[in-house]
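The next block holds one structure in the form of structure tokens; read it before the comments.
Proteins come first, then strands; the chains are lettered A, B, ... in the order of their sequence lines, and each starts at number 1. Keep in mind that what you see is a predicted model, and the values were worked out from it rather than measured.
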2 protein chains.
Amino acid sequence: MTITEVSKKFDLSQDTLRYYERIGLIPSVNRNKGGIRDYTEEDCKWIEFIKCMRNAGLPIEVLIEYVGLFQQGDATIDARKKLLTEQRDQLIARMEDMQKTLERLNCKIERYEQAIIPIENELKKSED
Amino acid sequence: MTITEVSKKFDLSQDTLRYYERIGLIPSVNRNKGGIRDYTEEDCKWIEFIKCMRNAGLPIEVLIEYVGLFQQGDATIDARKKLLTEQRDQLIARMEDMQKTLERLNCKIERYEQAIIPIENELKKSED
DNA sequence: GTAACACTTGAAGTTAACTCTAAGTCAAGA
DNA sequence: TCTTGACTTAGAGTTAACTTCAAGTGTTAC
């Protein structure tokens with residue numbers, strides 16, 4: 001798979017894909033004789049995983065560490081589990097914060113809905 | 001209330017408080033005869049609101065716009081409601097993304113706990 | 001054969017959101 | 001009186017995460 005195809009498939013720019021590879025956020029991709037990237041299915045799985053984690057706000061630095069641990073093999077399973085567990089807990093904390101904010105926004109929006117009605121009534125009065 | 005007190009109360013640095021005021025993220029704070037900020041209860045409410053919204057990831061730019069609309073009075077109620085509604089919808093979308101990632105992380109962690117070697121370890125063979 | 005085009009690299013530039021620095025004012029304490 | 005320390009401002013610096021640029025290579029279309 002070419003970078004153009006992968007870029008379209010995951011809606012990530014070619015620049016971002018090259019950047020991710022350069023910093024070790026995805027394992028390095030094989031090149032053909034012309035030096036051009038040829039992504040395998042496995043590469044795509046990594047990209048999809050990383051994209052998902054980044055969408056949820058996991059920092060690049062942490063994900064680089066995860067990829068690094070992964071490439072070191074089974075000896076790092078414990079460390080990987082620890083890393084993922086920490087990130088999961090932080091994710092839950094962020095979601096709880098967001099839930100609070102969501103409720104607050106909903107309250108505010110509801111109040112604005114009620115505030116608009118009196119104004120509309122004012123307008124009606126002045127019309128007749 | 002002094003900036004030191006407000007800083008401690010909300011766990012925001014003094015620099016951040018001054019920065020927020022400078023860019024219009026909170027309405028401007030009164031100064032005493034010496035030119036030193038004296039925060040009112042009202043100021044604190046704004047700060048608390050902004051902190052909550054920032055924690056949930058609402059962009060500063062959008063919040064500045066909200067504060068601006070607020071200061072223009074009742075004529076902007078519709079616009080404010082629209083702005084908040086858009087932000088709420090985006091917040092929900094982000095939370096849904098995060099929920100998916102959370103489930104995925106939980107799966108992965110569970111697999112590590114069960115000491116089942118993840119499928120991706122197969123991939124490792126090809127690279128070093 | 002040459003022009004267009006997709007790709008390569010390393011490095012510089014951008015954006016959001018702070019964070020720090022420098023230079024200065026002012027009130028209180030030894 | 002002098003010094004300490006909290007505060008002021010404008011502006012420069014930092015960090016994360018891209019994004020763009022410059023210069024060059026290799027493949028395809030006419």
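- By the 4.0 Å N-to-carboxylate-O rule, Arg37(A) lies close enough to Glu21(A) to be salt-bridged with it.
- Neither OP1 nor OP2 of dA17(D) sits under 4.0 Å from any side-chain N or O of Tyr20(A).
- Position along DNA chain C of the nearest nucleotide to Arg22(B) versus Asp38(A) favours Asp38(A) as the more 5'-ward residue.
- Of the two residues contacting DNA chain D, namely Thr16(A) and Glu5(B), the nearest-nucleotide position lying further toward the 5' end is that of Glu5(B).
- Residue Arg54(B) places at least one side-chain N or O under 4.0 Å from the OP1 or OP2 atom of dC18(C).
- Across dT8(C), dA17(D), dA17(C), the shortest atom-to-atom separation from the side chain of Pro59(A) is found for dA17(D).
- In this structure, the nucleotide among dT19(C), dT8(D), dT9(C) sitting nearest to the side chain of Ser13(B) is dT19(C).
- The phosphate of dC7(C) has OP1 or OP2 within less than 4.0 Å of a side-chain N or O from Thr4(A).
- In summary, Glu41(B) and Lys45(B) do not engage in a salt bridge, as defined by a charged side-chain N under 4.0 Å from a carboxylate O.
- Between Phe49(A) and Trp46(A), the ring-plane angle classifies as perpendicular under the 30° and 60° cut-offs.
- When the side-chain nitrogen and oxygen atoms of Arg37(B) are compared with OP1 and OP2 of dT8(D), one or more of them lie within a distance under 4.0 Å.
- Using a 4.0 Å heavy-atom cutoff across all strands shown, Arg18(A) reaches at least one base atom of the nucleic acid.
- By the 4.0 Å N-to-carboxylate-O rule, Asp15(B) lies close enough to Arg18(B) to be salt-bridged with it.
- Comparing Ile60(B) and Gly34(B) against DNA chain C, the residue whose closest nucleotide sits nearer the 5' end is Ile60(B).
- For the pair Thr2(B) and Asp15(B), both in contact range of DNA chain D, the more 5′-proximal nearest nucleotide belongs to Thr2(B).
- Rounded to whole angstrom, the span from the NZ atom of Lys8(B) across to the C1' atom of dA6(D) amounts to 11 Å.
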